[in-house]
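One structure below.
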Amino acid sequence: MRFAILSFPGSSCDEDMVHAVLNIVGEGAEVVNHNQADLKSFDAVILPTGASFGDYLRPGALAQSSPAINSLKEFVKTGKPVLGVGNGFQILVEAGILPGAFLINKDLKFRSGNSTLNVENASTRFTAVYEEGQQITLPFAHHYGNYYVDKETAKQLKADGRIVFTYADDSHDGSVDGIAGVLNVQGNVLGMMPLPERAVEAIIGGTDGLPLFQSIIKNWSENNVSHA
Amino acid sequence: MTKVNVYVTLRESVVDPQGIAAKDALHKLGFDEVGNVRIGRLIELELSGTQAEIEERVKKMCEVLLVNKVIEDYSFEIGEVAGK
Amino acid sequence: MTKVNVYVTLRESVVDPQGIAAKDALHKLGFDEVGNVRIGRLIELELSGTQAEIEERVKKMCEVLLVNKVIEDYSFEIGEVAGK
Amino acid sequence: MSAMHEPTTQQIKDEKLYRQMGMTDEEFDRAVEMIGRLPNYTETGLFSAMWSEHCSYKSSKPILRRFPTEGERVLQGPGEGAGIVDIGDNQAAVFKMESHNSPSAIEPFIGAATGAGGIIRDVFSMGARPVALVNSMRFGDLSDARDRYLFEQAVAGIASYGNTIGIPTIAGEVQFDNCYSKRPLVNAMTVGLLNHEDIQKGLASGVGNTVIYAGAKTGRDGIHGATMSSTEVAVDKEAELPVMQAGDPFLEKLLMEACLELVKSDALIGIQDMGAAGLTSSAAEMASKAGFGVEMNLDLIPQREEGMTPYEMMLSESQERMLIVVKKGREQEIIDLFAKHNIEAVSVGVVTEDKMLRLKHKGETVAEILADTLAEDAPVYYKESKEPAYFSEFQAMENTEPVVTHLKETLTALLQRPTIASKEWVYNQFDTQARANTVVAPGSSAGVIRVRGTNKGLAMTADCNSRFIYLDPETGGKIAVAEATRNLICSGAEPIAATDCLNFGSPDKPEVFWQVEKSADGISEACRKLNAPIIGGNVSMSNEVNGVPVYPTPTMGMVGIVHDLSQVTTTAFKQAGDAIYVIGEAKTEFGGSELQQMVEGKIFGKVPAIDLDVEVARQKDLLKAIQSKLVQSATDLSEGGFAVALCEKAFDAQGLGAEVSIPGSSVTALFSETQSRFLVTVKDEHAEAFEKLVPDANRIGTVTATAEIVIKGEENTVLVEGTVEEFRSAWKGAIACLLNSEA
Ligand SMILES: Nc1ncnc2c1ncn2[C@@H]1O[C@H](COP(=O)(O)OP(=O)(O)O)[C@@H](O)[C@H]1O
Ligand SMILES: [Mg+2]
């Protein structure tokens, strides 16, 4: 499988994602620059975390001026998987690809650490290798991790099974209904604030992020085997 | 160049963590007469064009980039339009 | 309750990285007519008191808490003063 | 102000205008003598900046010479942007620590942020990729609102810069004492990695080569920052201060990536960041070090504001700027390289043979001074040194125990002291895991990152107990070094080199200068013995409020190498049933201790003694035991002594506790800060082997499966008994609690 790690100026954790996918998970991964942005040949796109455009104005906002956003929107339409973590999630939300918006953390401070998450939906292509209701631990690091959607939308998301992860502890930073990760309507785009790429090796932060990547790969190989 | 002030505020339905913190701090400092506090953004732009052009363009900038309509509202004020 | 808008802007000589980045983004999006962009804060306060009281108190709030005078300037506008 | 309105050379001399820029009469006369004429306004500015303490180290040079700076691993000692040590496999670690105290006293967020930004630049200007940040901070005791504000904002400022640029903060320290009230210390350290062939130096060599300016535009901000940081800041005169130089971490991220690409180019001759004294120091130093001259056309400098004078441009401390020398004819490709990263780069000058720093502006030569004169010929002061009266008084005192009535309450109170309490409130605001290499995040003795592609790790820490240094600078200096190496050893690392940040009061006070000298002696001796050469550092003098100097605070930053990542060890208990050992015996030594400060409200007397030979032996033994995988957890005993360290080992260990018995007088056994001690746990099956390797270790108890702390004294009397949870909650919430307190 070939992953594009879509990097904007300031997306400082792009290399971390490449490392996770390429060296640990063992699939193809390369950084794609936001200016070049030909995504067609890739099987999946990941928007890594970091502070694209310095998080200025609103996190994820200024990335909307990059040519890559249009290619990304095209890519989303193909139905192939797109994952945005941390700042990558914020970019997806600002682009309108995922619902909601981000506010500053409830206590106004940048926060980092580990959060315990509930896997709310283990039947998505991003979570199939987890168990439904499983609790996992993933690192997080953000200043605007306070996810907002209006009540109606939240209800709808829940009804549609599009809330993929929720915070099981008090590390939600104010997020509506403790939402930590959501899916788009088609089910091929996942955004999440916790950072699975920081939890793929025991030496640095556990391995609870691994099944997420394995799920994507499993789904891909199933589809591609049936095509063959 | 004409100066335009864009005022971006959080929508009423959205909780404003900064506003709440500011209100608490003001109360602690003895400013008990303060009720609600909301913190928004003031964007000062300099740009060229006629009044009508500016109006249209600034609106577009807000919609496309400067404002996140999911959580924010905006208004703007155009200063004296400079001749060309 | 009376509404007061406080406008907080970065002092001219202080670099505004946010403004610079926003300007670049606007240019990339085709808004070439935009010159300088500066990003400040808009603080909306609700408070009680007479016009004179409000004026004095808001000034104090700005000096003590709302504005960082080392790098910021401010001005404010008092809405219609509500009767008591 | 245009150049035309600047004072004439005669006015500068007659009206002694140079004094406003921080130059003394003697220094001005020296400058006049060296150039053989009166300097104009711009030139006077160049002298004042380059001859400030911050740039010239004029009063600290004689002290710095005492430091050991060489070692088999040292590839670059003091003198460049950062020092470099070999870590094997053709790789090297690059690091340095720097202060940003004055700016942080005025505007703590920006001051601390730009401090972090500056030291990151120092490291990537050597060709190294910054991989980790460390900080060391001092504030008043948080009872004052201004001190709370300074603390909160400085932490947020460091966090903002490091988090935005994407470099993890993996270690640090914060201590609180009212001697720092309204005069915080904010020291930031960056550690980078490079391959040997990529080492860069700040050299302007090769006649005809091109000088390129890259990065942010120059504004009127921070003019005379270098002189400011060498003088006491009057806190209530904010309005008159120069405009703060705000930082832009996003721009720096782009600049960093561009520079790291640039170092691979064979067109590059030299590179240096524009730090204190901006263009002046980078140009003069690059020329002087290389033995050439530099001529720049100031009209070409990218300017943020209109009508800037040469004086303003040369002294601006706008952030995120680099000065670069490239081979003649290769300019465009370098400019293109920067453009690709969205960074402005412009050719602004050439390297010349005549060793002059020559500046042109609007067709005229506005400054012409030998680069060496600026960079090398600052006066060197041998300041007067005098032993303060307090020292002999304290030395004459007997060691006594502070009076403690209730042991458990005292322990709980100690755990709540902000200097001892959990620093989670601080480090939770830092991205500690960016770059996905963090093996040990803040919360243990030292931070550890892995070196990708190897099985090695780098451990790092910053330490300084300034109370000890105040009471007895020489002993205190040794302790600062020893504490830093202990923190590394306890993490499984072998210390390889050190950096420092010498924060003191005014060196014009003989008593302060005595503190500088004595602590430097102590530091030097300990660094020699502990095999940690000092490869770079920074001096920050005149940290005073209303004429009262802060405690002498020569912070030590230290880096160690973990030879095999499986040897990484942390503070927390690992397993019930493990044997608990203490290495070293407690003596009644409370001078400068946390308990003394808490009980007496002041510090006095003799500080704990340190025998460096004992220290070296114990550290060697313990490291050997750790490397032989005999040790489950390790920590050194520092502030608060044994009882605090024992609790800390339980705080991060889910569901585990301890039961121990300790001999001797209970207050001493629990709270004394006797040096060279460690608390270690060992699997029962390894006990014998461990004891053989570490002869000074005494088995005192066992890790228990119940989350309780039970400390018994002589004849089995219970000294302290309580749940881990009650101690933990006192320790964990203390800082947040102090910050939320009113008044
Ligand atoms: N400002 C800070 N930044 C990052 N980490 C910090 C900071 N202050 C303290 N820490 C971390 O908290 C832990 C405890 O610090 P400290 O009490 O100074 O430890 P020690 O006594 O072992 O030197 C360490 O892991 C340290 O790195
Ligand atoms: Mg310490």
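Because only heavy atoms are used, hydrogens play no part in the values below, and waters and symmetry mates are left out as well, while side chains stay in. Just so it is clear: chains get the letters A, B, ... in the order the sequence lines come, proteins before strands, and each one is counted from 1.
- Only the side chain of B/L65 comes within less than 4.5 Å of a heavy atom in chain C; its backbone stays farther off.
- The two atoms that bring B/E33 and C/M1 nearest to each other are O-CE, 4.0 Å, heavy atoms only.
- Using a 4.5 Å cut-off between heavy atoms, B/L29 contacts chain C through its side chain alone, with no backbone atom that close.
- Atom CD of C/E12 is surrounded by 12 or fewer heavy atoms from other residues, nucleotides or ligands within 6.0 Å.
- With rounding to the nearest 0.5 angstrom, the CZ atom of C/R41 is 11.5 Å from the CZ atom of B/R41.
- Within 6.0 Å of NZ in C/K28 there are more than 12 heavy atoms belonging to other residues, nucleotides or ligands.
- When each of B/G40, B/G30, B/G35 is checked for heavy-atom pairs under 4.5 Å with chain C, B/G40 comes out on top.
- Annotation: maximal heavy-atom pairing with chain B below 4.5 Å, among C/V37, C/I39, C/N36, C/V64, occurs at C/N36.
- Between chain C and the residues B/V34, B/L66, B/I54, the largest count of heavy-atom pairs under 4.5 Å involves B/V34.
- There is no contact between C/T2 and chain B, counting heavy-atom distances below 4.5 Å.
- Of the atoms belonging to B/K23, not a single heavy atom falls under 4.5 Å from chain C.
- Heavy-atom pairs under 4.5 Å with chain C peak, among B/V4, B/D32, B/L45, at B/L45.
- Most heavy-atom pairs under 4.5 Å with chain C, from the set B/M61, B/K60, B/Q18: that is B/M61.
- Atoms OG1 and CD1, from C/T9 and B/I43 in turn, are 13.5 Å apart once rounded to the nearest 0.5 Å.
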